[in-house]
Protein chains: 2
Amino acid sequence: MQTLEPRVSEQRSGSLPRRSFQRAGEGERRAALINATLELIAEAGPEAATVRAIAARADVTPGLIRHYFATKEDLIAVAHEALMTGLTEAAAARLDQLPDDPIARLAGFVAASVSPPVTDPRAMALWAAAMQTVPRDKAMRAAHEATYLAFRDRLQDLIAAALRSAGRPADPRTTRALAIAGNALLDGLWIEAAALPDHFSDIDLPRLALSAFSRLLDLPLED
Amino acid sequence: MQTLEPRVSEQRSGSLPRRSFQRAGEGERRAALINATLELIAEAGPEAATVRAIAARADVTPGLIRHYFATKEDLIAVAHEALMTGLTEAAAARLDQLPDDPIARLAGFVAASVSPPVTDPRAMALWAAAMQTVPRDKAMRAAHEATYLAFRDRLQDLIAAALRSAGRPADPRTTRALAIAGNALLDGLWIEAAALPDHFSDIDLPRLALSAFSRLLDLPLED
DNA sequence: GCCGAATTTATACGATCGTATAATTAGGGG
DNA sequence: CCCCTAATTATACGATCGTATAAATTCGGC
């Protein structure tokens, strides 16, 4: 397939006029390169995120990458970290918009976790690409563990508050197990829905997730 | 990093004696190449599964691959299909060893789904590599959907049988939703345990899964 | 025991990749 | 307004990748 890909000349056509450019601050350029990297990985897989493609997407020449990142591996790791923290922060922001009632808060969080924009094939592809390297890459594993625990701990807090508001015991051992299971449930639903959007298009995923959580906690979350 | 990798000469040192070889049947050689491909992807990611590396692992020269597979993409797709059906068949074989009592069967299936050898970082890496291409590759998506539904339908049958044996209603709509949620729960636990083996080493995952399933079905599965 | 078809090896090619380095340009401080 | 530093482009290099094709070897059928 390699030889059949469209030939893209790396040389400029005529000769002289150098490409004009504007200077940008370090943070801005790094962010643009990270965005370009994530977009490419999401759209066409990690193998499509070549130095040249990333530079082109960021509207920059390839050499500049080396000016901001020592190596391509370095850029990939930084991009992954940005993705993870971005998702976590998005979840945190959503949490702030939820009501005060603990049960409604938990229900809202659960429903949001299996609804757009979280259930997005692009995000799933990025996540899968990252997971694939987690067993082999120490930095990736650390980043994954941190974000996984951040999400799970938040879920555990919501579960504990909901149980207490219903006058139910909420000892740490039990709520931790429930958070692990609940997190796994949301992960699995998210993954499958993103992987097979057509198959899940006629399924009310938030309702299904809320029903399952209600059974898991023996606490009615559906309205 | 590329320039620092150990230089591996592709030429033979002296000159003359051609490498001797033994002929093998088509099925045997294809299986060897598929195994080599899966091993490499699991160990070092898809980018390590080059034609040359696959051939070396299968103790064969690179050219032979083209004799059995039209293209590398073809080999990858066939290897992925072999992986998926292999996992499904392994699960089916395990199912046959379970007892006759429907509740015990369900419990055994659930516990086995989050125990070795299913929870294996190698398998997870392979699965993640496959998932990553599912949104973009039609053949991959079809293969994934088939194996996903095969597993889920089996789980739904087990759930329905267990519910009925307890004198509980088991209409298709309910059991299907329970199977979707249960499948997601098992998927999520499997993934996280494989991704963070150290973090889950002190957690009794089968017990946690059985507890969660018991709550989900309101049916005691633990012994 | 040899002959022929199929398997397997050997070699080569063009493309692309990541990286290195030098040349140039932009834009702010004096 | 000019210069000086840093940002950016341009070009080149070696390595490796997937693929193509020809030569050689194996081994079962006669």
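Labels below follow one simple rule: chain letters A, B, ... track the order of the sequence lines, proteins then strands, and each chain is numbered from 1. From a predicted model like this one, the values you see are computed outputs, not experimental measurements.
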Task: Side-chain heavy-atom pair A:I180, B:L189 within 4.5 angstrom cut-off - done: yes

TODO: Taking the side chain as every heavy atom from C-beta outward, state whether A:I203 and B:R176 have any atom pair closer than 4.5 Å.
DONE: yes

- [ ] Mind calculating the distance between CZ (A:R30) and P (D:dA6) to the nearest angstrom?
- [x] 17 Å

- [ ] Please state whether the phosphate of C:dT25, meaning OP1 or OP2, lies under 4.0 angstrom from any side-chain nitrogen or oxygen of A:R19.
- [x] no

- [ ] Answer yes or no: side-chain N or O of A:R18 and base N or O of D:dT9 forming a donor-acceptor pair under 3.5 Å.
- [x] yes

Open item on the list: Could you tell me if B:E192 and A:H144 have a donor-acceptor pair between their side chains, going purely by distance under 3.5 Å?
Closed with: yes

Open item on the list: So if I apply the side chain to side chain contact (heavy atoms under 4.5 Å, CB included) rule between B:I41 and each of B:I54, B:L83, B:I76, which one comes out positive?
Closed with: B:I76

Open item on the list: Could you tell me how far apart B:E26 (CD) and C:dA6 (C1') are, to the nearest whole angstrom?
Closed with: 11 Å

- [ ] Name the nucleic acid region contacted by B:T61, choosing base, sugar-phosphate or nothing; use a 4.0 angstrom heavy-atom cut-off, strictly under.
- [x] base

TODO: Quickly work out the B:I54 CD1 to D:dG18 P distance and round it to whole Å.
DONE: 8 Å

Open item on the list: Using the rule given for salt bridge (charged side-chain N to carboxylate O under 4.0 Å, His left out), can you reason through A:D59 versus A:R19, listing the C-alpha separation, both sets of side-chain angles and the distance that settles it, and then say yes or no?
Closed with: CA-CA 11 Å; A:D59 203 37; A:R19 169 189 170 135; 3.4 Å; yes

TODO: Please state how far atom CD in A:E28 lies from atom P in D:dT8, giving the value in whole angstrom units.
DONE: 9 Å

Open item on the list: Whole angstroms only, please: what is the CZ-P distance between A:R52 and D:dC13?
Closed with: 14 Å

TODO: Return the value, rounded to whole Å, for the distance between atom CD1 of B:I76 and atom P of D:dC17.
DONE: 13 Å

Open item on the list: Students often get this wrong, so: under 4.0 angstrom with heavy atoms, is B:Y68 touching a base, only sugar-phosphate, or nothing?
Closed with: sugar-phosphate

Task: Residue whose closest nucleotide on DNA chain C lies nearer the 5' end, B:I65 versus A:R66 - done: B:I65

Task: Any B:R23 side-chain N or O less than 4.0 Å from OP1/OP2 of D:dG28 - done: no

Open item on the list: With nearest nucleotide decided by heavy atoms, which residue, B:F21 or A:L64, maps closer to the 5′ end of DNA chain D?
Closed with: A:L64

Task: Nucleotide C:dA6, atom C1' - distance to CD of B:Q22 in whole Å - done: 16 Å

Open item on the list: Judged by each residue's nearest nucleotide on DNA chain D, which is more toward the 5′ side, B:K72 or A:S20?
Closed with: A:S20

- [ ] Mind calculating the distance between NE2 (A:H67) and C1' (C:dA26) to the nearest angstrom?
- [x] 13 Å

Task: C:dT19 OP1/OP2 closer than 4.0 Å to side-chain N/O of A:T71 - done: yes

